[in-house]
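All ligand and atom numbering here is 1-based and tracks the order in the structure.
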Amino acid sequence: MVKAVVGANWGDEGKGKITDMLAEKADIVVRFQGGANAGHTIVNKYGKFALHTLPSGAFYEHITSVIGNGVALNIPILFGEIKNIIDRGVPAPKIMISDRAQMVMPYHILFDQYEEERLGGKSFGSTKSGIAPFYSDKYAKIGFQVSELFDDDLLKEKVERICGIKNVTLEHLYHKPLLDPAELLNTLHEYRDMVAPYVGDVSSFLNNALKEGKTILLEGQLGTLKDPDHGIYPMVTSSSTLAAYGAIGAGIPPYEIKQIITVCKAYSSAVGAGAFVSEIFGEEADELRRRGGDGGEYGATTGRPRRMGWFDCVASKYGCRLQGTTDVAFTVLDVLGYLDEIPVCTGYEIDGEVTTDFPVTHKLEKAKPVLKTLPGWKCDIRGIKNYDELPENCRNYVEFIEEQIGFPITMVSNGPGREDIIYRESKLSK
Ligand code: GDP
């Protein structure tokens, strides 16, 4: 069976921890979209790791880690990550890379930087990992598929042709150095030698695994609000962040996805530009940022301080609905233990009217948060294993949010480690 682990919000909800935890009882973990532009932080017996491309199951010997066709594959970063975990004592992970995945080229990263420079103050706050130029080229049909590395005539012709196209923009729009086809071809030969042992037909591998009754986890990157169709366009990422896209980005039938675990953090954080209705500022935000996550809310890829806010029921209800949530994993609840009172955003006021429906971007920009304040629990809940043992105010917080979002919270995470999880029965479970 297939389970998807996806985000309800802007990303950084703790998907890496939940995937790593669920991987104990799975066989295969697949990345199906996105690239090295966001990170997952995982804490386990080997230490603390920030992964950007490697699936979060890579720490188990029984797991096969798969890069699906939907991913923006940055080969040097993937291999750097594999080397890094091996150097730190993790057994070499079993890896499979889709022959249909496309590669982030060195010029995609340059174009990302040049475009942000060109846009100046109007930039998207890109992580400059080449993701938008990569997906633009994929859909403009001028991307490079991993399979093409193994046909040298095709590769040479294509490198010449693409460099011709790119050099026009480099010369006339960005006024930057031109690409040298011979150098690019050399780089691609290096990529070919690196990936060769791992390349395969992922779709066929996964379909066979399903026939054998294996458990597959689809690991999403970012969250619903960064989806190019359903998110806060244009402040979104360039590939779909929804569980439904897992079927496409991995090459499996959509009806095989039986469980959709949507990860929601007990407060909000976001990176990059864009409307963020429940955002907080000043000392209140600094304190939550300092205490947040595991060692502070700073980007796993960029180290940038994350924008902070209270839990947003409007965005999360929408985020869970678009994912097709069967289970909510409610994470980082332990961090809120210092607060006397915890505000929660229960509605948006737009042009004098209150709504609980998440609006399109130009209306979102006008939205003001409607806040309800709940009492805090003022203690450390780490180490608690049973839901009933959580302080009453803490349970009330969980249950209030569950009622507002309308999806069952069946897991509560109270620490960064694999074992910091509380399972709970929900009245909303079907
Ligand atoms: P992802 O991209 O969705 O995997 O999220 P990140 O890894 O960027 O951010 C989640 C952060 O919170 C990481 O530093 C995790 O180690 C940490 N984390 C995850 N779950 C919990 C939790 O329940 N409690 C605490 N304190 N930290 C958590």
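Aromatic ring pairs are classed by plane angle as parallel below 30°, tilted from 30° to 60° and perpendicular above 60°; the pair Phe111 and Tyr174 is perpendicular.
Asp420 does not count as a contact of ligand 1, since none of its heavy atoms falls under 4.0 Å from the ligand. Taking a 4.0 Å cut-off on heavy atoms, Gln221 fails to register as neighbouring ligand 1. Residue Arg291 places no heavy atom under 4.0 Å from ligand 1. Every heavy atom of Gly7 sits 4.0 Å or more from the atoms of ligand 1.
We find that Glu283 and Arg290 are joined by a salt bridge, their nearest charged nitrogen and carboxylate oxygen being less than 4.0 Å apart. Between Arg395 and Glu392, no side-chain nitrogen of the basic residue sits less than 4.0 Å from a carboxylate oxygen of the acidic one, so the salt-bridge criterion is not met. Contact check on Arg289 versus Asp286 returns a salt bridge, with a Lys/Arg side-chain nitrogen under 4.0 Å from an Asp/Glu carboxylate oxygen.
For the pair Asp12 and ligand 1, the shortest N or O to N or O distance falls below 3.5 Å. Considering backbone and side-chain N/O atoms, Thr331 never comes within less than 3.5 Å of an N/O atom of ligand 1. Ligand 1 has an N or O atom lying under 3.5 Å from an N or O atom of Val332, backbone or side chain. Ligand 1 has no nitrogen or oxygen under 3.5 angstrom from a nitrogen or oxygen of Val43.
Atom 4 (O) of ligand 1 has its nearest heavy-atom neighbour, among Ser56, Pro416, Gly16, in Gly16. The heavy atom nearest to atom 11 (C) of ligand 1, out of those in Gly293, Gly337, Gly11, is found in Gly293.
Proximity of Lys17 to ligand 1, defined as any heavy-atom pair under 4.0 Å, is confined to the side chain (atoms from C-beta onward). Proximity of Asp334 to ligand 1, defined as any heavy-atom pair under 4.0 Å, is confined to the side chain (atoms from C-beta onward).
By the ring pair (Phe, Tyr, Trp, His ring centres under 6.0 Å) test, Tyr348 pairs with no residue at all, sequence neighbours left out.
The contact set between ligand 1 and Arg306, taken as ligand atoms under 4.0 Å from a residue heavy atom, comprises 8 (O), 9 (O). The distance from ligand 1 to the heavy atoms of Arg382 drops below 4.0 Å at these ligand atoms: 26 (N). Near Ser413, meaning under 4.0 Å from any of its heavy atoms, are these atoms of ligand 1: 20 (N), 21 (C), 22 (C), 23 (O).
Counting non-hydrogen atoms of other residues, nucleotides and ligands closer than 6.0 Å to CD of Glu61 gives a total of 12 or fewer.
For the residue pair Asp327 / Thr410, a side-chain donor-acceptor distance below 3.5 Å is found, with atom types taken as modelled.
Remark: Arg424 is positioned above the aromatic ring of Tyr387, its terminal NZ or CZ atom under 6.0 angstrom from the ring centre and at most 45 degrees off the axis.
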Donor-acceptor list for residues 200-210 side chains, cut-off 3.5 Å, not counting sequence neighbours:
{"unit_1": "Asp201", "atom_1": "OD1", "unit_2": "Ser203", "atom_2": "N", "d": "3.4"}
{"unit_1": "Asp201", "atom_1": "OD1", "unit_2": "Ser204", "atom_2": "N", "d": "3.1"}
{"unit_1": "Ser203", "atom_1": "OG", "unit_2": "Gly251", "atom_2": "O", "d": "2.8"}
{"unit_1": "Asn207", "atom_1": "ND2", "unit_2": "Ser203", "atom_2": "O", "d": "2.7"}
{"unit_1": "Asn207", "atom_1": "ND2", "unit_2": "Gly251", "atom_2": "O", "d": "3.1"}
{"unit_1": "Asn208", "atom_1": "ND2", "unit_2": "Ser204", "atom_2": "O", "d": "3.4"}

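Under the 6.0 Å cut-off for aromatic ring centres, Phe311 and Phe330 qualify, their centroids lying closer than that.
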